[in-house]
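Worksheet: one structure, shown below.
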Amino acid sequence: MKISVRLPLTMAVLIGLLLAASFFGIHRLQRALQVFEVQVTAAHQHERLSAAMLSTFKTQVQEWKNVLLRGADEKQLERFWGSFSKTEQEVARLGRELLAGLPAGKARGLVEEFLQEHEKMGTGYRRGLEAFKSAGFDHRAGDKAVSGMDRAPARLLDEASKQIADDAQAIATGARMQSEQAVVVSLVLVLLVCAISVGLLVWLTRSLVRPIAQAVAHT
């Protein structure tokens, strides 16, 4: 093969190998970024919703206590029971929104269990309200009627929040590891291409020098 063909062909091969290594590394990094942007962002959204659910649930329980403490006054009873019902609906809404994005798994199962227990709790608290009224607005009667009713949903929601946080951390760790692997693979490929390039250049140099040396020897 003529030198005028061999030299450009060798350079084209080297450039092609470098481009291939670079494009592969970029592709791996893009995949890692997609995981971060989609999965990690979604996981953080789940954490935000579960935290909002937990906070609203605690507010709901507190509003029930306000009903018992101040419900002897008709206006106060209407006010605080209305707040109780409003926060109850908000907890359910947040739970439905959270379920819409959660994948199948332990966290989803816990949220589903919580919503079932939360609905039962609402029914029980309404019976407690009637007991409170029937007892002449005696807070002890209302408190006894709902004693321990919030424990199961509170436990489930706390477990769900922790599981969601663990899942989010696992996804973030996975995305970081994937990006680190992409960088390592890219570096290895570039080093490999450099080694091949050196080999090709040595071969090309020898293939050019040998004919020249032979021509000089015959002169």
Please indicate whether Glu78 has more than 12 foreign heavy atoms, meaning atoms of other residues, nucleotides or ligands, lying under 6.0 Å from its CD. no

In this structure, CZ of Arg155 is separated from CG of Asp150 (nearest 0.5 Å) by 12.0 Å

Show the nearest heavy-atom pair for residues Phe137 and Gly71, with the distance to one decimal. CD2-O, 3.5 Å

Rounding to 0.5 Å, atoms CH2 (Trp64) and CZ (Phe80) come to a distance of 13.5 Å

Taking C-beta and beyond as the side chain, do Gln116 and Glu119 meet within less than 4.5 Å on heavy atoms? no

Just how far is it from atom CG of Leu157 to atom CG of Leu54, taken to the nearest 0.5 Å? 5.0 Å

Distance from Met149 atom CE to Thr123 atom OG1, nearest 0.5 Å? 9.0 Å

Salt bridge between Asp158 and Lys162, side-chain N to carboxylate O under 4.0 Å? yes

If every non-hydrogen atom of Val111 is compared with every non-hydrogen atom of Ala160, which pair is closest and at what distance? CG2-CB, 3.9 Å

Contacts table for residues 91-103: side-chain donor-acceptor under 3.5 angstrom, sequence neighbours left out:
{"unit_1": "Arg93", "atom_1": "NE", "unit_2": "Glu90", "atom_2": "OE1", "d": "3.1"}
{"unit_1": "Arg93", "atom_1": "NH1", "unit_2": "Glu97", "atom_2": "OE1", "d": "3.1"}
{"unit_1": "Arg93", "atom_1": "NH2", "unit_2": "Glu90", "atom_2": "OE2", "d": "2.8"}

If we count only N and O atoms by modelled type, under 3.5 Å, do the side chains of Glu88 and His118 hold a donor and an acceptor together? no

So how far is it from Gln169 CD to Glu47 CD, rounded to the nearest 0.5 Å? 8.5 Å

Please check if atom CD in Gln62 has more than 12 non-hydrogen atoms from other residues, nucleotides or ligands closer than 6.0 Å. yes

Looking at Ser83 and Arg79, would you say the former's side chain and the latter's main chain have a donor-acceptor pair under 3.5 Å? yes

Side chain to side chain donor-acceptor pair (under 3.5 Å) with Asp73: which residues, sequence neighbours excluded? none

Tell me whether the rings of Tyr125 and Phe84 are parallel (<30°), tilted (30 to 60°) or perpendicular (>60°). parallel

So, Ser134 side chain and Glu130 main chain: donor-acceptor pair closer than 3.5 Å or not? yes

A side-chain contact here means heavy atoms from C-beta on lying under 4.5 Å apart; do Leu77 and Phe132 qualify? yes

Considering only residues two or more places apart or on different chains, which pairs with a residue in residues 53-69 satisfy salt bridge (Lys or Arg N to Asp or Glu O under 4.0 Å)? none

Can Phe114 and Met53 be said to form a side-chain contact (heavy atoms from CB on, under 4.5 Å), step by step? CA-CA 11 Å; Phe114 163 76; Met53 281 178 66; 3.3 Å; yes

Once rounded to the nearest 0.5 Å, what's the spacing between atom CD of Gln45 and atom OG of Ser50? 10.0 Å

